[in-house]
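Ligands are counted one by one from 1 in listed order, and the atoms in each one are counted from 1 as well.
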Amino acid sequence: MPTTSKANILLVEDEENLHEALKLNLTLEGYEVTSAYTGSSALKAVENEYFDLIIMDVMLPEIDGISITETIRVSNNDVPILILSAKNSGTDKILGLRKGADDYLTKPFNLEELLLRVEKMINKNRKLQEKQTVGDTYTFDNYTIDFKAQIAIVNNQEITLSKKETMLLKLLIENEGEVVTRERILQVVWGYNVYPTTRTIDNFILNFRKYFEADSRNPQHFHSVRGAGYKFTK
Ligand code: CA
């Protein structure tokens with residue numbers, strides 16, 4: 001697999017034999033696989049964890065895969081979704097794609113084809129997420145951040161930054177003017193499968209405001225965007 005870190009896949013499939021077979025093959029390809037057998041457990045997993053890809057069966061107990069896809073998109077999550085369906089019906093396919101799925105396979109499918117599509121979708125998504133990187137130092141207003149030394153110079157005074165503070169600053173600055181979602185922050189700064197609360201990220205932002213804002217209650221640089229994420233502006 002050409003990707004640098006293990007990609008995390010959510011597998012939503014209620015047929016146990018197929019589920020186990022897919023899980024085994026994806027794991028052999030080097031992916032981390034999280035299992036969901038119902039729609040509600042799939043939605044719960046998506047809320048708590050960052051995924052590089054979701055493989056979604058359409059026919060599921062309780063909530064069908066197309067409704068789950070729609071719910072995920074409504075919550076502003078752009079995770080790539082590959083729909084699996086037993087129905088060889090054009091309308092089903094169009095509906096799935098219209099509700100926000102990125103690709104579609106009809107059962108029974110060829111395993112090689114599934115694995116190829118999975119790899120392609122994950123790589124495409126990672127390329128989209130790779131933004132232009134900033135250099136070792138970055139200056140705005142009267143502030144300079146040295147990412148390598150993990151320090152900030154504020155009014156000629158040196159502030160030592162923690163590793164996570166430095167990573168979060170870098171991520172926000174690299175995406176200047178754009179909202180960085182909570183999921184993205186968790187993925188980049190905290191890594192896979194670890195879930196700090198929203199409060200944890202908020203506390204980091206509060207610290208940044210103390211360091212880099214003239215009036216921390218009226219921030220000009222570090223913004224919280226309700227329900228969406230966080231944004232840095234120069
Ligand atoms: Ca099914």
- Query: For the residue pair H223 and Y230, is the inter-centroid distance of their aromatic rings smaller than 6.0 Å?
  - Reply: no
- Tell me the salt bridge (charged side-chain N to carboxylate O under 4.0 Å, His left out) pairs involving residues 11-22, sequence neighbours left out? E13-K107, E15-K107
- Check against side-chain hydrogen bond (donor to acceptor under 3.5 Å, both in side chains), K23 and S35: CA-CA 8 Å; K23 188 171 187 170; S35 289; 3.0 Å; yes
- Taking the Ca ion (ligand 1) as the center, what protein N, O or S atoms are found at less than 3.0 Å? D14 OD1, D57 OD2, M59 O
- Query: Using 30° and 60° as the class limits, which term best fits the ring planes of H19 and Y37: parallel, tilted or perpendicular?
  - Reply: parallel
- Message: List the residues meeting side chain to side chain contact (heavy atoms under 4.5 Å, CB included) with V179, not counting sequence neighbours, and say none if there are none.
- Response: V225, A228, K231
- Message: For R73, give me all partners under salt bridge (Lys or Arg N to Asp or Glu O under 4.0 Å), at least two apart in sequence or on another chain.
- Response: D102
